[in-house]
There are 2 protein chains.
Amino acid sequence: MDKDKIDKKDHILDVAERVFADYGFDGASTRTISGEAGVNMAMLNYYFGSKEGLFLAVFERKIASFRTLLQNIGNDDTITTWGKLEKCIDNYVERIIVNNCFQKLINREVSMNKRWTLTDKITEILMVNVYEIKKIIEEGLTNGSFYSDIDIPMVIATIFGTKNYIINMPQLSSLIVGHDIRDEKFMEEELKPRVKAYMKRLLKAYLVNENDNSK
Amino acid sequence: MDKDKIDKKDHILDVAERVFADYGFDGASTRTISGEAGVNMAMLNYYFGSKEGLFLAVFERKIASFRTLLQNIGNDDTITTWGKLEKCIDNYVERIIVNNCFQKLINREVSMNKRWTLTDKITEILMVNVYEIKKIIEEGLTNGSFYSDIDIPMVIATIFGTKNYIINMPQLSSLIVGHDIRDEKFMEEELKPRVKAYMKRLLKAYLVNENDNSK
DNA sequence: CAAAATTAATCAAACGATTGATTAGTCAAA
DNA sequence: TTTGACTAATCAATCGTTTGATTAATTTTG
């Protein structure tokens with residue numbers, strides 16, 4: 001049945017996502033993935049063409065849903081520019097902490113200088129999401145609610161970089177925060193609201209022109 | 001000669017550092033390393049025992065050169081707290097860009113779920129630098145020059161995270177900035193001062209209480 | 001409708017290439 | 001001649017991928 005086929009592909013993607021996240025692209029062998037998924041090794045190539053194709057399929061699936069979320073926020077005319085950015089921050093913090101294994105995987109692979117085709121494809125997919133945030137900040141520039149001399153690329157680096165830092169270096173972050181951030185309860189009840197509140201205040205202080213004459 | 005041996009080992013470590021940074025631990029083969037270093041493959045095992053031993057040796061060497069950098073800034077009583085932080089920012093931006101290969105290597109290995117002994121070692125070293133910045137911010141809290149309700153751990157995450165983001169994801173950063181950030185001239189003349197200026201203004205907006213009555 | 005033809009899905013086995021590591025031996029210096 | 005630096009050749013293991021065969025499902029045909 002067609003439904004079964006889709007479920008099977010999805011199941012492979014589920015397993016591959018976890019194995020890639022645990023071992024990295026090179027460290028995760030096709031044998032391990034197919035073994036843990038309970039399918040024949042050749043199925044990976046049959047469905048996804050290659051190991052790289054499988055990786056990209058995992059990646060694309062993860063990133064696509066977030067993209068539509070960002071786009072909906074950006075196109076919402078009922079909220080202010082700053083309100084949009086706040087929504088982005090909330091969603092991004094919420095999301096990246098849920099998917100932190102995957103986030104680590106992305107950073108590890110993109111930070112490689114070689115393997116250009118893979119890196120380029122990942123970058124291309126990530127760039128779409130970056131562009132959505134960029135658009136919002138630019139909107140704040142044109143309607144005067146943000147300071148005119150802000151550095152947009154740097155702001156983006158701060159938004160993504162701050163969260164990546166916490167997620168990618170959990171041992172170090174735990175020492176800095178003074179609590180094991182991998183503790184799920186702490187993460188949910190303490191860290192997430194804290195990161196959200198901090199990011200909003202930080203960016204507001206840098207971006208938002210309180211003396212703006214627009215609405 | 002003994003001198004030659006040390007030079008040769010050092011040369012291998014130089015090459016290994018770069019190759020590990022480019023390909024990751026798994027992706028970097030011993031053949032590639034020995035090939036680029038112009039030595040026989042067996043020399044790696046001869047000198048360092050194993051691939052992991054070589055990897056550890058790369059770290060040990062780098063770590064040794066890291067130890068004595070920022071501590072003088074914190075103990076300097078002739079500048080304001082904010083001045084100290086500015087100095088730290090300048091120093092880090094300057095430094096991380098020089099050592100960006102190594103920085104990438106650190107981030108990739110720390111983000112791994114495996115290889116705990118190595119991760120702990122790296123975390124310990126990084127924590128020394130983190131602590132120096134933490135001390136400075138706390139000083140600003142006690143002398144009233146910084147707002148009293150700031151989130152110190154998050155500020156640290158922003159300082160390191162923003163920089164790491166730019167360095168670790170050069171392809172993406174280049175697209176965001178609109179110029180290849182691996183271009184050395186651009187990096188030196190444009191990006192470095194830009195990152196420094198941005199970080200200072202961002203943190204000043206968040207941290208510095210302009211109505212402070214201290215000096 | 002039923003038989004035949006075609007396609008899709010799955011499998012065990014094996015491919016050539018590459019991995020990290022080791023061996024046995026060379027060679028120069030002491 | 002003995003020792004330590006060094007090399008070419010090779011090891012078994014594992015890598016991602018491909019193969020040819022088999023089964024299941026679907027479509028076409030008579």
Side-chain angles (χ1 to χ4, degrees), chain A residues 1-59 105 108-109 112-122, chain B residues 1-59 105 108-109 112 114-115 117-118:
Chain A
M1 220 177 174
D2 199 39
K3 184 67 174 0
D4 285 344
K5 190 184 74 179
I6 293 172
D7 285 348
K8 193 160 199 172
K9 281 182 80 164
D10 246 34
H11 175 241
I12 293 175
L13 288 172
D14 288 338
V15 174
E17 182 181 320
R18 203 193 65 243
V19 177
F20 275 134
D22 283 346
Y23 297 94
F25 182 81
D26 289 312
S29 76
T30 54
R31 281 171 178 80
T32 302
I33 295 171
S34 61
E36 294 206 15
V39 301
N40 189 276
M41 239 174 42
M43 295 311 294
L44 304 189
N45 295 76
Y46 179 74
Y47 280 132
F48 307 102
S50 66
K51 184 185 184 181
E52 185 176 305
L54 172 59
F55 182 86
L56 284 168
V58 169
F59 185 72
L105 174 61
R108 215 167 353 173
E109 296 311 322
M112 303 249 187
N113 280 347
K114 312 299 169 182
R115 212 152 45 208
W116 283 99
T117 60
L118 185 62
T119 302
D120 283 351
K121 280 173 189 165
I122 295 174
Chain B
M1 221 178 173
D2 198 40
K3 183 68 174 2
D4 286 344
K5 190 185 75 180
I6 293 175
D7 284 348
K8 194 163 196 171
K9 282 181 80 165
D10 245 35
H11 176 240
I12 293 176
L13 288 172
D14 286 340
V15 174
E17 182 182 320
R18 201 194 69 244
V19 178
F20 275 134
D22 285 347
Y23 295 92
F25 181 80
D26 290 313
S29 76
T30 53
R31 279 172 179 78
T32 303
I33 295 171
S34 61
E36 293 206 17
V39 302
N40 190 278
M41 234 180 52
M43 295 310 294
L44 305 188
N45 295 76
Y46 180 73
Y47 280 134
F48 307 102
S50 67
K51 185 186 182 181
E52 190 172 307
L54 170 62
F55 188 80
L56 279 167
V58 169
F59 262 99
L105 182 56
R108 197 165 31 239
E109 291 312 317
M112 284 270 191
K114 321 289 170 185
R115 284 200 276 273
T117 60
L118 188 60

Rounded to whole Å, please give me the gap between [atom1] in [X] and [atom2] in [N].
X: B:L44; N: C:dG20; atom1: CG; atom2: P; answer: 10 Å
X: B:N45; N: C:dT23; atom1: CG; atom2: P; answer: 11 Å
X: B:K51; N: C:dT22; atom1: NZ; atom2: P; answer: 15 Å
X: A:F55; N: D:dC15; atom1: CZ; atom2: P; answer: 18 Å
X: A:H11; N: C:dT10; atom1: NE2; atom2: C1'; answer: 16 Å
X: B:I12; N: D:dA5; atom1: CD1; atom2: C1'; answer: 12 Å
X: A:R31; N: C:dC11; atom1: CZ; atom2: P; answer: 15 Å
X: B:F25; N: C:dT19; atom1: CZ; atom2: C1'; answer: 12 Å

Which of these nucleotides, C:dG20, D:dG16, C:dT10, is closest to any side-chain atom of A:M43?
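My answer, after comparing the listed nucleotides, is C:dT10.
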Check whether any side-chain nitrogen or oxygen of [X] sits under 4.0 Å from OP1 or OP2 of [N], and answer yes or no.
X: B:S29; N: C:dT18; answer: no
X: A:Y47; N: C:dA8; answer: no
X: B:Y46; N: D:dA5; answer: yes

Under the side chain to side chain contact (heavy atoms under 4.5 Å, CB included) rule, collect the residues that match up with B:N40, sequence neighbours excluded.
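With neighbours one apart ignored, the set is B:A42, B:M43.
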Got a sec, which residues hit side chain to side chain contact (heavy atoms under 4.5 Å, CB included) with B:S50, two or more places apart in sequence or on another chain?
B:E52
Please list, chain by chain and in numerical order, all residues satisfying side-chain hydrogen bond (donor to acceptor under 3.5 Å, both in side chains) with A:S34, sequence neighbours excluded.
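side-chain hydrogen bond (donor to acceptor under 3.5 Å, both in side chains) check on A:S34 returns nothing, list empty.
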Just jot down the side-chain hydrogen bond (donor to acceptor under 3.5 Å, both in side chains) partners of A:E17, sequence neighbours excluded, or say none.
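For A:E17 the side-chain hydrogen bond (donor to acceptor under 3.5 Å, both in side chains) partners, ignoring immediate neighbours, are A:R61, A:K62.
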Verify, without hydrogens or angle tests, whether B:E36 (side chain) and B:V19 (backbone) share a donor-acceptor contact under 3.5 angstrom.
no
Non-neighbouring partners of A:F59 that pass ring pair (Phe, Tyr, Trp, His ring centres under 6.0 Å), sequence neighbours left out
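Ring pair (Phe, Tyr, Trp, His ring centres under 6.0 Å) list for A:F59, sorted by chain: A:F102.
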Residues in contact with DNA chain C, drawn from residues 32-42 of chain A - heavy-atom cutoff 4.0 Å
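Only A:N40, A:M41, A:A42 qualify.
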Within 45 degrees of the axis of the six-membered ring of A:F20 and under 6.0 Å from its centre: does A:K51 put its NZ or CZ there?
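Because its charged atom misses either the 6.0 Å distance or the 45° angle limit, A:K51 does not stack over A:F20.
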